Amino acid sequence: QVQLVESGGGLVQAGASLRLSCAASGLTFNRYTMGWVRQAPGKERVLVATIKWSGAETYYADSVKGRFTISRNAANSAVYLQMNSLKPEDTAVYYCAAAPGSWPALRFNDYNYWGRGTQVTVSS
(Lines give C-alpha, C1' and ligand atoms only; values in the text may rest on other atoms or scores of the structure.)
Protein backbone atom coordinates (compact mmCIF):
# COMPACT_ATOMS: atom_id res chain seq x y z
CA GLN A 1 0.00 0.00 0.00
CA VAL A 2 1.46 3.29 -1.13
CA GLN A 3 1.45 6.14 1.36
CA LEU A 4 2.63 9.71 1.05
CA VAL A 5 2.55 11.61 4.32
CA GLU A 6 3.26 15.33 4.42
CA SER A 7 4.39 17.30 7.43
CA GLY A 8 5.90 20.65 8.31
CA GLY A 9 3.07 23.04 7.54
CA GLY A 10 2.00 25.79 9.89
CA LEU A 11 1.19 29.43 10.44
CA VAL A 12 4.01 31.91 9.81
CA GLN A 13 4.43 35.59 9.07
CA ALA A 14 5.36 36.94 5.68
CA GLY A 15 9.08 36.65 5.05
CA ALA A 16 9.49 33.55 7.17
CA SER A 17 10.58 30.08 6.07
CA LEU A 18 9.08 26.62 6.32
CA ARG A 19 10.33 23.20 5.30
CA LEU A 20 7.78 20.66 4.18
CA SER A 21 8.55 16.95 4.24
CA CYS A 22 6.89 14.03 2.53
CA ALA A 23 7.59 10.48 3.63
CA ALA A 24 6.90 7.88 0.94
CA SER A 25 6.32 4.18 1.54
CA GLY A 26 5.08 1.22 -0.44
CA LEU A 27 6.68 2.26 -3.72
CA THR A 28 10.06 2.03 -5.42
CA PHE A 29 11.00 5.60 -4.62
CA ASN A 30 13.84 5.88 -7.14
CA ARG A 31 11.45 5.23 -10.02
CA TYR A 32 9.18 8.19 -9.32
CA THR A 33 9.28 11.86 -10.10
CA MET A 34 8.02 13.61 -6.99
CA GLY A 35 6.04 16.81 -7.00
CA TRP A 36 4.52 19.39 -4.71
CA VAL A 37 1.12 20.76 -5.61
CA ARG A 38 -0.79 23.45 -3.73
CA GLN A 39 -4.39 24.51 -3.63
CA ALA A 40 -5.68 27.70 -2.08
CA PRO A 41 -9.32 28.03 -0.97
CA GLY A 42 -11.59 28.58 -3.96
CA LYS A 43 -8.73 28.25 -6.43
CA GLU A 44 -7.43 25.57 -8.75
CA ARG A 45 -4.50 23.33 -7.95
CA VAL A 46 -1.10 24.61 -8.95
CA LEU A 47 2.00 22.54 -9.57
CA VAL A 48 4.71 24.19 -7.48
CA ALA A 49 7.81 22.05 -8.01
CA THR A 50 8.92 18.66 -9.28
CA ILE A 51 12.10 16.64 -8.95
CA LYS A 52 13.22 13.82 -11.20
CA TRP A 53 13.72 10.31 -9.79
CA SER A 54 17.49 10.82 -9.99
CA GLY A 55 17.31 14.16 -8.23
CA ALA A 56 19.36 15.64 -11.05
CA GLU A 57 16.63 17.84 -12.50
CA THR A 58 14.02 20.09 -11.01
CA TYR A 59 11.14 22.25 -12.15
CA TYR A 60 9.60 25.28 -10.45
CA ALA A 61 6.54 27.35 -11.11
CA ASP A 62 7.43 30.96 -11.89
CA SER A 63 5.63 32.12 -8.77
CA VAL A 64 8.07 30.28 -6.47
CA LYS A 65 11.27 30.28 -8.50
CA GLY A 66 14.17 31.60 -6.44
CA ARG A 67 12.28 31.19 -3.15
CA PHE A 68 11.44 27.46 -2.98
CA THR A 69 13.79 24.50 -3.28
CA ILE A 70 12.72 20.91 -3.82
CA SER A 71 15.02 18.04 -2.83
CA ARG A 72 14.84 14.34 -2.18
CA ASN A 73 16.61 11.74 -0.08
CA ALA A 74 16.63 8.24 -1.52
CA ALA A 75 17.93 6.70 1.70
CA ASN A 76 14.76 7.51 3.58
CA SER A 77 12.35 7.84 0.63
CA ALA A 78 11.55 11.44 1.37
CA VAL A 79 11.03 14.62 -0.59
CA TYR A 80 11.29 18.11 0.81
CA LEU A 81 10.18 21.60 -0.07
CA GLN A 82 12.20 24.41 1.48
CA MET A 83 10.13 27.58 1.32
CA ASN A 84 11.81 30.90 1.97
CA SER A 85 10.56 34.48 1.84
CA LEU A 86 7.00 33.29 2.19
CA LYS A 87 4.21 35.54 1.01
CA PRO A 88 0.50 35.61 1.94
CA GLU A 89 -0.27 34.33 -1.56
CA ASP A 90 1.63 31.13 -0.73
CA THR A 91 -1.17 30.23 1.68
CA ALA A 92 -2.61 26.87 0.59
CA VAL A 93 -2.80 23.20 1.32
CA TYR A 94 0.38 21.61 -0.02
CA TYR A 95 0.21 18.08 -1.41
CA CYS A 96 2.99 15.66 -2.17
CA ALA A 97 2.50 13.48 -5.26
CA ALA A 98 4.35 10.69 -7.08
CA ALA A 99 4.56 10.19 -10.86
CA PRO A 100 6.00 6.89 -12.14
CA GLY A 101 8.72 7.25 -14.74
CA SER A 102 7.50 10.60 -16.02
CA TRP A 103 9.49 13.81 -16.45
CA PRO A 104 8.92 16.72 -15.91
CA ALA A 105 5.46 15.50 -14.88
CA LEU A 106 3.67 18.83 -15.34
CA ARG A 107 0.19 17.33 -15.68
CA PHE A 108 -1.82 16.27 -12.68
CA ASN A 109 -2.72 13.06 -14.51
CA ASP A 110 0.97 12.13 -14.48
CA TYR A 111 0.66 11.50 -10.73
CA ASN A 112 -0.57 8.15 -9.47
CA TYR A 113 -0.32 8.79 -5.77
CA TRP A 114 -1.18 11.75 -3.58
CA GLY A 115 -0.79 12.62 0.05
CA ARG A 116 -3.49 14.19 2.18
CA GLY A 117 -1.81 17.56 2.36
CA THR A 118 -0.44 19.95 4.94
CA GLN A 119 -1.75 23.46 5.55
CA VAL A 120 0.54 26.44 5.09
CA THR A 121 -0.79 29.81 6.19
CA VAL A 122 1.23 33.00 5.73
CA SER A 123 0.00 36.11 7.50
CA SER A 124 0.79 39.62 6.32
Side-chain angles (χ1 to χ4, degrees):
Q1 180 182 357
V2 175
Q3 282 192 314
L4 301 177
V5 180
E6 302 95 337
S7 60
L11 171 61
V12 297
Q13 290 189 330
S17 298
L18 278 176
R19 187 188 192 218
L20 305 184
S21 299
C22 172
S25 61
L27 53 73
T28 305
F29 187 70
N30 290 343
R31 294 182 181 175
Y32 285 78
T33 286
M34 300 299 295
W36 286 97
V37 174
R38 70 186 182 188
Q39 186 167 24
K43 296 189 177 180
E44 295 185 350
R45 290 179 297 177
V46 174
L47 184 66
V48 173
T50 69
I51 185 165
K52 200 173 184 179
W53 51 83
S54 63
E57 296 182 66
T58 57
Y59 160 86
Y60 296 96
D62 287 343
S63 58
V64 305
K65 204 171 290 184
R67 299 188 298 123
F68 290 11
T69 302
I70 189 171
S71 61
R72 63 191 294 159
N73 185 324
N76 57 14
S77 296
V79 62
Y80 308 99
L81 187 67
Q82 177 67 43
M83 306 186 295
N84 299 330
S85 302
L86 282 162
K87 305 175 181 181
E89 51 263 44
D90 294 318
T91 295
V93 177
Y94 284 71
Y95 299 91
C96 172
S102 175
W103 178 255
L106 301 184
R107 302 173 303 171
F108 297 130
N109 286 345
D110 289 331
Y111 294 88
N112 282 10
Y113 303 109
W114 294 78
R116 293 189 174 186
T118 186
Q119 176 71 48
V120 172
T121 303
V122 184
S123 63
S124 57

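Values in this document were obtained by computation on a predicted structure and should not be read as measured data.
The backbone N or O of Ala105 sits less than 3.5 Å from a side-chain atom of Tyr111, completing a donor-acceptor pair. Using a distance-only test at 3.5 Å, with no hydrogens or angles considered, a donor-acceptor pair links the side chain of Arg67 to the main chain of Ser85.
A distance of 12.0 Å separates CD in Gln82 from CD1 in Ile70, rounded to the nearest 0.5 Å. With rounding to the nearest 0.5 Å, the separation of CD in Glu57 from CH2 in Trp103 is 5.5 Å. Atom OG of Ser77 and atom CD of Gln3 lie 13.0 Å apart (nearest 0.5 Å). Expressed to the nearest 0.5 Å, how far CZ of Arg19 lies from CG of Leu81 amounts to 10.0 Å.
Applying the disulfide (SG to SG under 2.5 Å) test to pairs two or more places apart or on separate chains, those with a residue in residues 5-120 are Cys22-Cys96.
Residues Val64 and Arg38 meet the side-chain proximity criterion, which asks for heavy atoms closer than 4.5 Å. Contact of the Tyr95 side chain with the Leu4 side chain is not registered, since no non-hydrogen atoms from C-beta on lie closer than 4.5 Å. Between Glu6 and Leu20 the shortest side-chain heavy-atom distance does not fall below 4.5 Å. Counting heavy atoms from C-beta on, the side chains of Tyr80 and Thr69 never come closer than 4.5 Å.
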Could you pull out every donor-acceptor pair under 3.5 Å between side chains of residues 23-34 and any protein atom, sequence neighbours left out?
from: Thr33; atom 1: OG1; to: Ser102; atom 2: O; distance (Å): 2.5

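A salt bridge does not link Lys87 to Asp90: none of the charged nitrogens lies less than 4.0 Å from a carboxylate oxygen.
The two residues Tyr60 and Ala49 come nearest to each other via the heavy atoms CD2-CB, 3.7 Å. Nearest heavy-atom pair across Asn84 and Ser17 is OD1-OG, 2.9 Å. Asn112 approaches Pro100 most closely through the heavy-atom pair ND2-CG, 3.4 Å.
Of the residues Val46, Val79, Leu47, Ile51, the one that meets the side chain to side chain contact (heavy atoms under 4.5 Å, CB included) test with Trp36 is Val79.
Atom CG of Asn109 sits in a sparse spot, with 12 or fewer heavy atoms from other residues, nucleotides or ligands closer than 6.0 Å. Atom NZ of Lys65 sits in a crowded spot, with more than 12 heavy atoms from other residues, nucleotides or ligands closer than 6.0 Å.
Hydrophobic clustering keeps Val93 apart from Leu86 (ILVMFWY residues linked when any side-chain heavy atoms are closer than 4.5 Å, directly or through intermediates). Note on Leu106 and Trp114: same hydrophobic cluster, where clusters join Ile, Leu, Val, Met, Phe, Trp and Tyr whose side-chain heavy atoms are under 4.5 Å apart, directly or indirectly.
The side-chain contact (heavy atoms from CB on, under 4.5 Å) search around Thr121 returns Leu11, Thr91, Gln119, not counting sequence neighbours.
Ring orientation note: the planes of Tyr94 and Phe68 are tilted relative to one another, at an angle of 30° to 60°.
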